[in-house]
Engineer: 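First the structure, which I've put down as structure tokens, then a few questions once you've had a look.
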Protein chains: 2
Amino acid sequence: MSAVSVGPFPRPAVAVDLVILTVVDTDLKVLLITRGLPPQERSWALPGGFVRVGEGGTGGESLEAAAARELAEETGLGEGAVFLEQLYTYGAPDRDPRGRVISVAWYALVPSDRVTQVVAGSDAAAARWFSLGGGSLPPLAFDHAQILGDAVRRVQGKIDYAPVAFRLVPEQFTVPELRAVYEAVKGTDYDAANFRRRFRRMVEDGLIVPAPGKRPAEVGRPARVWRWAEG
Amino acid sequence: MSAVSVGPFPRPAVAVDLVILTVVDTDLKVLLITRGLPPQERSWALPGGFVRVGEGGTGGESLEAAAARELAEETGLGEGAVFLEQLYTYGAPDRDPRGRVISVAWYALVPSDRVTQVVAGSDAAAARWFSLGGGSLPPLAFDHAQILGDAVRRVQGKIDYAPVAFRLVPEQFTVPELRAVYEAVKGTDYDAANFRRRFRRMVEDGLIVPAPGKRPAEVGRPARVWRWAEG
DNA sequence: AGAATAGTGTCTATCAGACACTATGCA
DNA sequence: TGCATAGTGTCTGATAGACACTATTCT
């Protein structure tokens, strides 16, 4: 009775799609998979899947749990290891040729030192990191190009006022590494001296603390190592 | 066949809920309705309704169309008359006792001079504007208190960098009226002189143009009238 | 010593907060 | 003339951009 009381109207399918981002060297990258099934078989797409709902239309997993589950299946990265935040919900009636599919999109930020273990743990037929910018992205299935663009704009905006850059570097990082993340995300160069000043204020505010050791450089003077102070 | 190919899995119901905000005098207000049906009959709630999906699980209205439709039904305000933007999607498995209901929440900003026509056009049994702050809000149904809080925080953040304040004042407005909107939204006072300086820069950038006439004040010196330059 | 990168100091323009001040309309 | 509100000018401290400079490591 309880499930029936929301009415006998037709219901859409509800999916989650993931924009999984990282920065390697000076490049912002996104993890894409090749679809193994129709429709749009063999075209590149964002990883995702349907939200699990209990029999009778009650219970099941939360949206965040569905996103975290897909993320773990796709990357092998466990809960809490990466930043995961809801982006936007896409529901145009014709966005999926199979019928009415509403997609709750999420974006994830993967630290650069975990990128190597990601593709290995993937259970997709094929998963690959693609650089954004430079026009090297393949055509994407459904409305995934739109979703990807929205995710990138969200991170670009958020990096200026929220501590998201730290989710893209290893736990221990140097100032030039952090600056490279900003430059990759925003697509512009930052003056090294001015960036350091902003960074120094974060140190003074206790947001960042020194970590032991220095980073041996391939060439030039080694950099000091730092660590984000919060959990 | 096409609708079936997304699988025979149980599907959630999908709804839209609306946080309809306005500023009257110095108060930020939200439009709430009393639920005419169980569950939580007679408790106050955000206006909302289910997204219409075609028979066979294809087609139907977009999420934005569903939100705009509910807004029009609830307030009598036509398309494009008010600012409407997606907020967040709520999907905890137990958020609705009737079963699995995923809600795509939107928020709307109603200009203060349209507030009077709003309640008249409502088709709800009872609809009322409630002031936020001052603790005068009634308990809300489901997770609507959470949604309302998220909406207010979104507007508070967005007013600093996006032209949303102009969606809360009449087409023609004075600087003190605009300042009152900022103060109501942010919950803090603004120095009148410094606010004017920010405002003057927007005039210099062509974002705001003078409108004819002055606003006759009840008391004191009348204020000049301005108009937002865009669409 | 020289090359390469890490890190510092400083000048300047811009902007926000604080606040003293002037202008206008009305009783 | 006095009151209430609209609107201006200016001082100060914080911050971002530009850029010249010093420091450390390796070959």
Side-chain angles (χ1 to χ4, degrees), chain A residues 25-26 112 156-163 165 169-170 172-227, chain B residues 25-26 112 156-163 165 169-170 172-227:
Chain A
D25 294 326
T26 59
S112 55
Q156 286 174 340
K158 194 148 185 163
I159 201 172
D160 287 328
Y161 66 89
V169 289
Q172 312 227 332
F173 58 88
T174 67
V175 174
E177 280 168 3
L178 192 67
R179 180 161 55 86
V181 165
Y182 276 79
E183 292 178 342
V185 167
K186 301 281 272 189
T188 58
D189 285 354
Y190 281 67
D191 180 280
N194 296 334
F195 185 88
R196 272 200 131 69
R197 188 173 39 199
R198 282 173 57 182
F199 183 87
R200 194 156 41 230
R201 268 193 286 271
M202 289 192 277
V203 174
E204 285 160 8
D205 294 348
L207 299 175
I208 291 164
V209 293
K214 294 187 179 183
R215 181 82 88 236
E218 293 157 14
V219 62
R221 170 175 172 182
R224 294 194 58 181
V225 179
W226 303 84
R227 182 172 58 74
Chain B
D25 294 327
T26 60
S112 55
Q156 285 175 338
K158 196 148 184 163
I159 201 172
D160 286 329
Y161 65 91
V169 288
Q172 312 227 334
F173 57 88
T174 67
V175 175
E177 280 167 4
L178 192 67
R179 180 161 55 87
V181 164
Y182 275 79
E183 293 179 336
V185 168
K186 301 281 272 191
T188 58
D189 284 353
Y190 281 67
D191 181 280
N194 296 333
F195 185 88
R196 273 200 131 70
R197 188 174 40 200
R198 282 173 57 181
F199 184 85
R200 193 155 44 228
R201 269 192 286 272
M202 290 192 277
V203 174
E204 285 159 9
D205 293 348
L207 300 175
I208 291 163
V209 294
K214 292 188 179 181
R215 182 81 88 237
E218 292 156 14
V219 62
R221 172 177 171 182
R224 294 194 60 182
V225 178
W226 303 84
R227 183 171 57 76

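Below, chains carry the letters A, B, ... as their sequence lines are ordered, and counting in each starts from 1. This is a predicted model, so every value here is computed, not measured.
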Engineer: Among D:dT5, D:dT25, C:dA4, find the nucleotide with the atom closest to the side chain of A:Pro222.
Structural biologist: D:dT25
Engineer: Side chain of A:Asn194, heavy atoms from C-beta onward: which of D:dA18, C:dG25, C:dA6 has the nearest atom to it?
Structural biologist: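 Nearest listed nucleotide: D:dA18.
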Engineer: Specify the separation, in whole Å, of atom CD of A:Glu218 and atom C1' of C:dT5.
Structural biologist: 12 Å
Engineer: Start with the C-alpha distance between A:Met202 and A:Asp205, add both sets of side-chain angles, then the distance that settles side-chain contact (heavy atoms from CB on, under 4.5 Å), and finish with yes or no.
Structural biologist: CA-CA 5 Å; A:Met202 289 192 277; A:Asp205 294 348; 5.7 Å; no
Engineer: What verdict does the side-chain contact (heavy atoms from CB on, under 4.5 Å) test give for A:Tyr182 and A:Arg198, after you've listed the backbone C-alpha separation in whole Å, the side-chain angles of each residue and the deciding distance to 0.1 Å?
Structural biologist: CA-CA 12 Å; A:Tyr182 276 79; A:Arg198 282 173 57 182; 3.6 Å; yes
Engineer: Please evaluate residues B:Val203 and B:Trp226 with respect to the criterion side-chain contact (heavy atoms from CB on, under 4.5 Å), reporting the C-alpha separation (whole Å), side-chain torsions for both, the decisive distance (0.1 Å), and the verdict.
Structural biologist: CA-CA 9 Å; B:Val203 174; B:Trp226 303 84; 3.8 Å; yes
Engineer: Nearest whole Å is fine: how far is D:dC19 P from A:Tyr190 OH?
Structural biologist: 18 Å
Engineer: Are OP1 or OP2 of D:dT22 and a side-chain N or O of A:Arg221 less than 4.0 angstrom apart?
Structural biologist: no
Engineer: Working to the nearest 0.5 angstrom, can you tell me the gap between B:Arg179 CZ and B:Thr26 OG1?
Structural biologist: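 It comes to 11.5 Å.
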Engineer: Whole angstrom is fine here: how far is it from CZ in A:Arg198 over to P in C:dT8?
Structural biologist: 17 Å
Engineer: Start at the 5' end of DNA chain C and walk down; is the nucleotide closest to A:Gly220 or to A:Thr174 reached first?
Structural biologist: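 The residue mapped nearer the 5' terminus is A:Gly220.
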Engineer: Just the rounded figure in Å: distance from P of D:dG17 to CZ of A:Arg179.
Structural biologist: 14 Å
Engineer: For B:Arg224, which contact category applies under a 4.0 Å heavy-atom criterion: base, sugar-phosphate, or nothing?
Structural biologist: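 B:Arg224: backbone/sugar contact only, no base atoms under 4.0 Å.
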Engineer: Record whether the side chain of B:Asp191 comes under 3.5 Å of the base of C:dA16 through a donor-acceptor pair of N or O atoms.
Structural biologist: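 Per atom types, no contact qualifies.
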Engineer: Output the rounded distance in Å from CZ (B:Phe173) to P (D:dA6).
Structural biologist: 15 Å
Engineer: Reckon B:Ala193 touches a base, only the sugar-phosphate, or nothing at all at heavy-atom distances under 4.0 Å?
Structural biologist: base
Engineer: Given atom CG of B:Asp189 and atom C1' of C:dA16, what is their separation to the nearest angstrom?
Structural biologist: 16 Å
Engineer: Tell me whether the OP1 or OP2 atom of D:dT8 has a side-chain N or O from B:Arg200 closer than 4.0 Å.
Structural biologist: yes
Engineer: Which of the following nucleotides, C:dA20, C:dG7, C:dA16, is nearest to the side chain of B:Arg201?
Structural biologist: C:dA16
Engineer: Separation of B:Arg196 atom CZ from C:dA20 atom P, in whole Å?
Structural biologist: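 Value for this atom pair: 19 Å.
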Engineer: Can you tell me how far CD1 of B:Ile208 sits from CZ of B:Arg227, rounded to the nearest 0.5 angstrom?
Structural biologist: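 Interatomic distance, B:Arg227 CZ to B:Ile208 CD1, rounded to 0.5 Å: 11.0 Å.
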Engineer: Between P on D:dA14 and CZ on A:Arg197, what's the gap in Å once rounded to a whole number?
Structural biologist: 14 Å
